[in-house]
Every structure is written in structure tokens, then in C-alpha cells.
Amino acid sequence: MSDLEEEYRLEYFEEHGFHRKQCPECGDHFWTLDPEQETCGEPPCDEYSFIDDAGFEAEFELGEMREAFLSFFEERDHERIEPYPVAANRWRDDVLLTQASIYDFQPLVTSGTTPPPANPLTISQPCIRMQDIDNVGVTGRHTMAFEMMAHHAFNAREDIDDPGQYAYEGEVYWKEETVAYCMELFEELGADPAEVTLIEDPWVGGGNAGPAFEVIYKGAELATLVFMQFEADPDGEYEMKDGNRYSPMDTYIVDTGYGLERWTWVSQGTPTVYEAVYPEMIDFLTDNAGIDHTSEEEAIVHKAAKLAGRMDIDEAKDVEAARDDIAAEIGVETDRLRELVEPLESIYAIADHSRTLAYMLGDGIVPSNIGTGYLARMVLRRTKRLVDDVGVDAPMDELVDMQAERLGYSNRDTIRDVVRTEVERYRETLERGRRRVEQLAEEYEDSDDPIPGAELVELYDSHGIQPDMVAEIAAERGVDVDVPEDFYSAVAERHEATDAGADSEEATSHGERLVDLPETERLYYDDQERMEFEAVVLEVFEREDGDYDVVLDQTMFYPEGGGQPPDHGTLSTEDVTADVTDVQITDGVIVHTCDADPGTGDFVRGKVNAIRRRRLMQHHTATHIVVHSARQVLGEHVRQAGAQKGTDSARIDVRHYERVSREEVKEIERIANDIVTDNGQVTQEWPDRHEAEAEYGFDLYQGGIPEGERIRIVQVDEDVQACGGTHVSRTGDVGAIKLLSTERIQDGVVRLTFAAGEAAIGATQRTEDALYEAAEVLDVDPEDVPETAERFFEEWKARGKEIEELQQELAETRASGANEGDEVDLDGTRAVIQRVDGGMDELRATANAIAEDGAVAVVGSATGGAQFVVAAPEGSGVDAGAVVGELAERVGGGGGGPPDFAQGGGPDADALDGALESAPDVLRQIKSA
RNA sequence: GGGCCCAUAGCUCAGUGGUAGAGUGCCUCCUUUGCAAGGAGGAUGCCCUGGGUUCGAAUCCCAGUGGGUCCA
């Protein structure tokens, strides 16, 4: 096994007189210029020493610090790169949020597949780390949202077989330069290099690893310098702290992270990072919440803040014990300290969370029950609770807007709208929850039992009601709540029990043999209107189902991809004409599934089914137009969440926070058809990916992230997207666009189904057919259908009521007047046995009427099989349920009910009369039993 | 992407295979002319939709639609 120690012995340290030491407290190794230094300099081994004693020559505001950093590296030949969105799932599918600047370049750039936008580069990347959520506000240094300032250099080894296989070659710079830059930056800002400590701290993450330094200055961790150079390998020579083995890779990357907020904080020396980063917002919130400390209280808070670094829930085992220690050290009661500090902690958290929300919503994340949307919802609800608890009396949308304005977002109106909608939604959830809990509390009010844990789990998991909220509401009614210790693991367990993951394996029958074939030349991009071509058959595979998979040197057939179904058509030689039923692409090789074998090595003439292709192209272009129109109507946040094109209709799923109204649908349809009428050119080009990203942003990648240096982008009207599909050449060729339906397929995702061209006409005609048919049935003009339908529906209901009343009357008449029913005497109790051929309602009414007269009623009917109703007045001594059971058995069925009123029946209608005849005997038997 | 919960009167919700309910609101009358007043009477329902099981489904099963919620 090889140790990393050698990796940290830099010439830079040697030349500048650094010493390597080991911290007696935590055991970490570190480098320092100060021969006297003993501990590593980082809390809890050391304390902050920059509070009230700012660490740099000048104080910086956030923006000034960012600029200072970026221009420092710009002056040193780094290119400044614009930040990426915080929603990392826009360009990668393994994570939801951007948590570090290196995320911007994973996985394609780090693996060497795609070149970096610049090399070396510098950036200040907004990041969100949800895992720090419990520390925010408490420790004084943790924020959920932050900017990671960084410089990166992407290097590739030259001593390998084929250095040209990667998108970059050679070494830009490595460890020596990285450490030198770091120290130089400190000196430029006026820090004493002797106060800087570099702790050896190997880094592991996402299957990669490497040596790294944590850079500590005056107690604060200000930078991490990571030298990514290993990849996971069971036979690797390095074992890292995660217990896995790693071996060197061909690319090696400088990955640094300088926390903008920490640097700003140290430059100002305020008690907490929050006061340095968004002082106006903290002032606003403290004022608003009416927090006004005396100077003595102020002093306590101030002292506590200096020590608050110990309250890291990840490191301090018991946060409350840490609070006790702090209280003891500054000489106040723990309770008093908590009373003073907790509201401030909430306010810090509110400011941070508002900023987090501004980033998320500003980048177009829509609150939802899935993905990043769910995270946004969680943050928003948590913030709302904090706001209410601490008594801030400002609407949430205003708080988020304060941060959005500061961050320079232009879609602030949408952000506010989203926040308002979401807050309202939360209010409704809480109200629903309150009613539910009150009801539950009522159930337990009379018993002395507390509300059990299982109920709490159910309330939380299915209804989103926190246990402490249940406790609060239950307490109002004097009901206890039994919160299990392991509440959240009980919730998790509930999920695990039902999670049965079934992995579907993708079976590519002859995938391996495809690898040796050259990439198929794609003619469909050259001229999307052309449908015929000639090609050479490179290989034919016979399929298990008897069809053939044919690979050509070039093709006009579009393979399934980007939600566009494959082309159909024919491949013909002199002798054979094969129908193409499917076309797929694997690693650049296009496979045509045919019903005949054209023969390897032969020339074939390919002919694409032009009608099908044209319809697919119309729908594909229409999809771009509809998304673009929806964006204008619903807002800038609208983004594609999936799409499927077809020949008769297409659907597009779009992120949006509300249901789409009928008015909005009409507006989208109108704008879409305006674009069609304008008949603008639909263009495609293959620009450099980084240039395209710089020009159009990541909204390019609505349909997925393509690989490679150059990407294909398609422009329709003002809409630009990376797209591999085929399109008509002018918007007018789409013909017409008709929105067919909208549905909300998930919270925050709306599906728009529409038809284009001929299909649009067809769809409209179908709708009209339905209307005309309905009109014909009602015998009115089509435009009168709604009114007539309503009238008919009302009348139908009125008739129903009338029938019921008449049945009632009829039944009463029957019961009272002379009728054909047989009267039997059962030891003084009268019984009436009667056949009434009618529905169940009629039978019931008749039986009731007879029973009201004081007689036992046995009523039978032969409509729809045999049916009985038996009613027994109180004190008759007859169990109606038993009677029905007995009678129903005779008609091959069953029945039952309470003793005073029962019903039943069976399929054998012919046996009805026989059963009724035996009724007197049955009654006597039951009565005497 | 997965799990769970819900859908019944205008509203909030009970309902256990056997005659669809309560509170509130609504209408009428009475009492009182007093602030969420009291009394009496009355009207309100495709029990979300479509299948299935059953003699019989608001109730059980399946699918769909709409809503809620938790997790990754």
C-alpha cells in the first residue's frame, strides 16, 4: 500500500521554509511557516481569531471580494467563466443541485471527453448544500447557499499510449503552482503568511480521489485545494479514507474551492458570516421581528458568537451540551443564553434560506413533489416556519425578493408569484393538517392514552404534518402525544418495506458485434426534405424474431431519439425490397430492422416513408414552437420535462407551478399559430458547445445533454435548443397547431398534448364530430348543446325525484287499500306477503309502508332475478334478516340485513312464487325459533 | 422515479356489503328585534369516472381522473 505522504512534499514548501507538523489534538498533519505553531489552527482545536480583528488589510463586501478573487486569477492567465445554474440536473443526471464548482465540469470534462470552456479557468459558482441545513444560523459559519470561488486546471498525462484520445493534452499546472497561487492571494490581501496553515486532508468523492489541503487562516477554513488524480479501482495501490482502493488516472485536475462568504467574513471580522454577507437583510429582519437588545445582552450575544463554531451538529455530539459549555464560559445561564441567541439563529437561517430560494427559483426551479422542486418546497416550508416562529411580519415573497434583487435576477415577478402560490399551498396543507389532528385528538380525548407513534408516522408521511405540530394542537385539548425516539427512521422503514426495486436489464442482442462497425454517416441532417438515398450494406444480423438488423455505411433513416420515433420505409436491391420497421442508434451505429435480408456487401436503395417522416417533422418543429409559446404565456421558468412526438399528436411535459387555465391554452395556441403564420426559417448549425452555452445558456439542453465538442442546435423563431431531431425547413410547413388537452401529471409538471399539420385538422374534426353527434341526439343546433345538456340533466334529476315520490305514494296506497297481498296471522302479529314487480326502491317503499301499518312485510319482485324486501315492525318478534336469508336461498342467492329491515335475492326468478308461498311457514318458523 | 393517503350535501367531514348521514351554510315560519342569538319545519347528493366481484357496492378488487404528502 502506498501512503499519500509523499504527495504532500512540495518543492514550494521546501523553498519557502514550511514545517510539517502533527496536531496533538486531532492528529492531522499540517504545514506552516510558524515554527512555534502546535495545533492545526482549525476549530475545535483552535478558535476564531478574526472576529473583531479583521484578517485582511481592507474590508470587502461580497461583490468586491468576488471581483478581487476573479481578477487576481485573470491577471494570472485564467479565463473568467460565467457561473452555471444551481440546478445541476440541467446538465447531469446523477445529482440535483450544484454543490461545488467542479460539478460544472463533471462528468464530461473531468473524464476528458469534452474540452473545458477554458484552461485554466476561474469562476465563482453559486452552490447549495442541503446537508448543512441544520447548521445554518447556529454555527455562525454555515450557509446552505454559497458561492464557491475557484480556479481549475485540466491536465492529461503525456506518457500514455495515445495522448490524443482526450479532449485536452499535457499539463497546465499542478500542485506547486496551486499552493503558490493560494499563498500569493493571501499576501495580496495583506494577510501574514505565517498565520496560514495547510492541513493534509485527502479528498474522496464521486468515484474520484486525490490528496488535498484544507487552508486555515485565523481559525477559518478559507479554501480547499484538491488534486484529483485517482479513480476507484479494487486493485489500486492507494487506499483512501472511505476504505476503497484507488489508482491513478490519465487526467489529473486542479479543483480548488474558496468560500466567497468566508473570505468576506474574515475581511470584516463580524461575529457571524451572516452579518458580513447580507447585513441589510439581517437588519431588516431583526427590526421586523422586534428584537432589540440592551448593550449587556449585545455583549453576551457577541461573546457567544465567537464560540458558536463549536455547535456543528456533525462534530459536536450533543448540540445542547455545547451550548452549556459556551454559557459557562461567558458566565450566563444556559436558558438565558438560549433565549437571547435562538431568535437570532432563526433570523440568520431565514436570510440564508431566502437566498437559497432566490437561487433556486431564479434559476427556474418550480416547487414540486419531485427532484429539485421538492428540495425547493422543503426549504420554503422550513423558512416559513422560522418566519412564523420568530415573529417576522413580512410576506415570504418579499424576503425572497430582497435576495433575488441582490443576486440580480431578472425574473423577480415570477419568483414572487411562485413563492406566493407555494406559501398559500402550505397554508392549506397546514389547515388540513390541523383539522385532521383536532379530529384525532377528539378521539383520544376521553381515553387517557396518548396519540400513538404509528398515527404520527401516518400523519407525517401521508399528510406532511410534523410531530411537534401534532403535539401542539393535541395539547390544546389536553391530549398527550407519544413521539417515538426514532421517529424519522420509522418513516424511513415504512418506505423500505414497500420498496422492491426491480432492475430491468437492457438486452442488446448483438451489441458487442456492433462495436467493430464504423459510425454510420447521417444523411438526414444534410437535407431533411430528401427521402431517397443509396448505401452499402455493411452487416446483417438475423434477429431472434426472424427479422434482420441491417447496418449501412450511410443512411437517410432517422433513428429513434429525442422523443422522435424512428423512420419507416424500404431498402431495396435488384432482387429484394425489405420493409424497415424500426431504426435504432447505438454508439453512432444505426441499425435498421427489416423484414427481409438485403445481403451484406450489396448496394441498396433506401426510401423513407415520406408521409410518416413529414408528420414527425411537423410535430417535432411544433414541439419547439409550443414550448416557446408556453414560455411566453406561463413564464420564463417553463422548461421541458420530457416529450414524445408521434404522427397523430405529440406531447410535451413542462414545468409549471399551477394548472394551465383554458384562457392560457388559447393564448399558447394563438402565439404558436402566429409563429407558424410568420413562416420563419428553421435553422440548424453545429457550433462549439461552449460558445453555444455562453450565447444561449443551459436552456439549450431541455431535451437532454449531447456529448462532444460540437453540438447541433436548432433555431425556431426565437427559440434555440440543442436537438438531434429532424425539422421542417420553415415554420409555415407545420401547417397548424391545435392544443388537444392539458393535464397535470405530477405536482409542478403539466402535460400539453397537441397536434400539428394534417393531424391538427383531423383532431379538430374529431372534436367537431363528437359535438355534432351530441347535437343530433339532442336534436338541437351544435351551439345550443351546452345549454340543452344542462337543461336535460336538470330535468333528468327532477324526474328521478318525482319517480321516488310517486313510488312512495304508490306504496302507501298499496299498503293501506285493499290489495292482492296475502294476509297471514302469526300468533297475533299480522304479516302481509305480496308480489310487487318493481325495482328495489319500490319494494323498499312498499315494505316500509306495510311495516308502518304495524304488519310484517314480505315483498317480492321478479325483475332482474328474484328480489325480496322484508320489514318487521318493532315488537313483531320476527328477524327480517333471517327471513330474507331463508327465502333468498330458495331463489339461488343470499341476503341479509338488520332485524327490522332486510333485503336479498337470487338469480332464479321462476322460483319466486314458490318462495312467496312458503313465506308464511318460514315466518312462523323464524318467529318461534 | 418510487411509496403512502384522500375523493360523499354549497363548505368541513362521519359512514362497519343491506333504506345515504352530522355540523355548518341555505329557504320558510315563530320568538326576540342586539353583534357568530333561540325555537320549529324544509330543500338540498350521477356517494369522481369506467370495469369487476356479489342477490345486493358509497363500502371490497382493478384501471383511470383529480388532489394531497413523504422519500431518492
Side-chain angles (χ1 to χ4, degrees), chain A residues 89 93-96 130 368-375 377-378 381 425-426 428-436 438-439 442-443 455 457-466 487-502 504 641-642 659 741-747 749 751 793-794 796-798 800-801 804 807-808 811 839-849 851-852 857 859-871 880-881 884-885 887-909 911-912 915:
Chain A
N89 59 349
D93 51 17
D94 56 336
V95 290
L96 295 175
M130 299 283 292
S368 129
N369 61 345
I370 48 158
T372 50
Y374 179 66
L375 300 180
R377 172 167 291 172
M378 287 299 91
R381 294 187 171 189
R425 202 179 289 232
Y426 186 41
E428 282 168 14
T429 293
L430 289 181
E431 206 172 293
R432 255 195 310 274
R434 164 165 277 275
R435 283 198 300 263
R436 246 199 141 73
E438 277 171 357
Q439 222 170 313
E442 223 165 296
E443 268 178 55
E455 292 276 11
V457 173
E458 165 73 19
L459 281 171
Y460 177 70
D461 198 28
S462 296
H463 305 288
I465 311 163
Q466 249 84 6
F487 178 77
Y488 287 95
S489 54
V491 175
E493 223 170 88
R494 192 176 143 125
H495 285 153
E496 274 163 29
T498 46
D499 282 353
S504 62
R659 267 207 81 120
S741 70
T742 64
E743 56 183 318
R744 203 204 68 146
I745 56 167
Q746 275 165 343
D747 204 6
V749 182
R751 172 168 295 171
F793 186 58
E794 291 303 325
W796 173 77
K797 287 197 286 190
K801 247 172 286 175
E804 216 172 296
Q807 275 174 343
Q808 185 72 28
M840 213 44 172
D841 288 337
E842 209 175 329
L843 293 192
R844 276 199 293 259
T846 308
N848 270 333
E852 261 165 47
V859 189
S861 159
T863 49
Q867 291 179 313
F868 299 102
V869 172
V870 174
V884 162
L887 293 176
E889 206 172 295
R890 292 168 202 230
V891 292
D900 62 326
F901 192 94
Q903 46 205 301
D908 190 359
L912 176 70

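Lettering follows sequence order; numbering is per chain, from 1.
In this model, the phosphate group of B:C13 is approached by a side-chain N or O of A:Arg435 to a distance below 4.0 Å at OP1 or OP2. Residue A:Gln867 has no polar side-chain atom (N or O) positioned under 4.0 Å from OP1 or OP2 of B:G56. Considering only side-chain N and O atoms, A:Arg377 lies under 4.0 angstrom from the phosphate OP1 or OP2 of B:U69. For B:G67, one of the phosphate oxygens OP1 or OP2 lies less than 4.0 angstrom from a side-chain nitrogen or oxygen of A:Arg659. In this model, the phosphate group of B:G66 is not approached by any side-chain N or O of A:Arg744 to a distance below 4.0 Å at OP1 or OP2. Regarding contacts with the backbone of B:A43, every side-chain N or O of A:Lys801 stays at 4.0 angstrom or more from both OP1 and OP2. In this structure, A:Thr429 reaches the B:U69 phosphate: one of its side-chain N or O atoms is under 4.0 Å from OP1 or OP2.
Comparing B:G18, B:U19, B:G3 by their nearest atom to the side chain of A:Pro898 picks out B:G18. Side-chain proximity of A:Val491 to B:C70, B:C4, B:U19: nearest is B:C70. For A:Glu743, counting side-chain heavy atoms from C-beta on, the closest listed nucleotide (B:C5, B:G66, B:G45) is B:G66. Distance from the side chain of A:Ile370 is smallest for B:G1 among the nucleotides B:G1, B:C5, B:C55. You'll find that the side chain of A:Asn369 is closest to B:U69, out of B:G45, B:C55, B:U69.
Between A:Ile465 atom CD1 and B:G68 atom P there is a gap of 15 Å when expressed in whole angstrom units. Distance, A:His463 NE2 to B:C4 C1': 9 Å, rounded to whole Å. One atom, CZ of A:Arg432, and another, P of B:G68, lie 7 Å apart when rounded to the nearest Å. Following rounding to the nearest Å, A:Arg434 (CZ) and B:G68 (P) show an atom-to-atom distance of 21 Å. Taking atom CZ of A:Arg436 as the reference point, atom P of B:G68 lies 15 Å away to the nearest angstrom. Straight-line distance from the CD atom of A:Gln903 to the P atom of B:U54: 18 Å, rounded to whole Å. Rounded to an integer number of Å, the gap from A:Glu438 CD to B:C13 P is 11 Å. Note: CH2 (A:Trp796) to C1' (B:G45) measures 11 Å, nearest angstrom.
The separation of B:A43 from B:C4, taken at their C1' atoms, amounts to 40 Å, rounded to a whole angstrom. Comparing the same atom, P, in B:U59 and in B:A7 gives a spacing of 11 Å after rounding to whole Å. With C1' as the reference atom, B:A14 and B:U69 are 23 Å apart, rounded to whole Å. The separation of B:G66 from B:C30, taken at their C1' atoms, amounts to 45 Å, rounded to a whole angstrom. Between the P atoms of B:G10 and B:C46, the separation comes to 7 Å (whole Å). Rounded to whole Å, the C1' atom of B:U33 lies 42 Å from the corresponding atom of B:C47. The gap from the P atom of B:U44 to that of B:A57 amounts to 24 Å, rounded to the nearest Å. B:U31 sits 15 Å from B:G41 when the C1' atoms are compared, rounded to a whole Å.
No engagement by A:Gly800 is indicated, since no non-hydrogen atom pair under 4.0 Å with the nucleic acid exists. Among the atoms of the strands shown, base atoms are found under 4.0 Å from some heavy atom of A:Phe793. Contacts of A:Gly906 with the nucleic acid, taken as non-hydrogen atoms under 4.0 Å apart, involve only primed sugar atoms and P, OP1 or OP2. A:Met130 comes within 4.0 angstrom of no nucleic acid atom, judged by non-hydrogen atoms across all strands. Residue A:Gly905 is classed as a base contact, given a heavy-atom separation below 4.0 Å to a base.
Between A:Ala880 and A:Val870 the shortest heavy-atom distance is CB-O, 3.6 Å.
With a cut-off of 3.5 Å on both pairing distances, the Watson-Crick or G-U wobble partner of B:C26 is B:G42. The partner of B:U49 is B:A63, by the rule that a Watson-Crick or G-U pair needs both atom distances under 3.5 Å. Nucleotide B:A9 forms a pair with no other nucleotide shown, judged by Watson-Crick or G-U wobble geometry with both contacts under 3.5 Å. Base pairing of B:C4: its partner is B:G68, meeting the Watson-Crick or G-U wobble criterion (both donor-acceptor distances under 3.5 Å).
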Problem set entry | Residues A:Arg432, A:His463; criterion side-chain contact (heavy atoms from CB on, under 4.5 Å); working and verdict | CA-CA 8 Å; A:Arg432 255 195 310 274; A:His463 305 288; over 6 Å; no
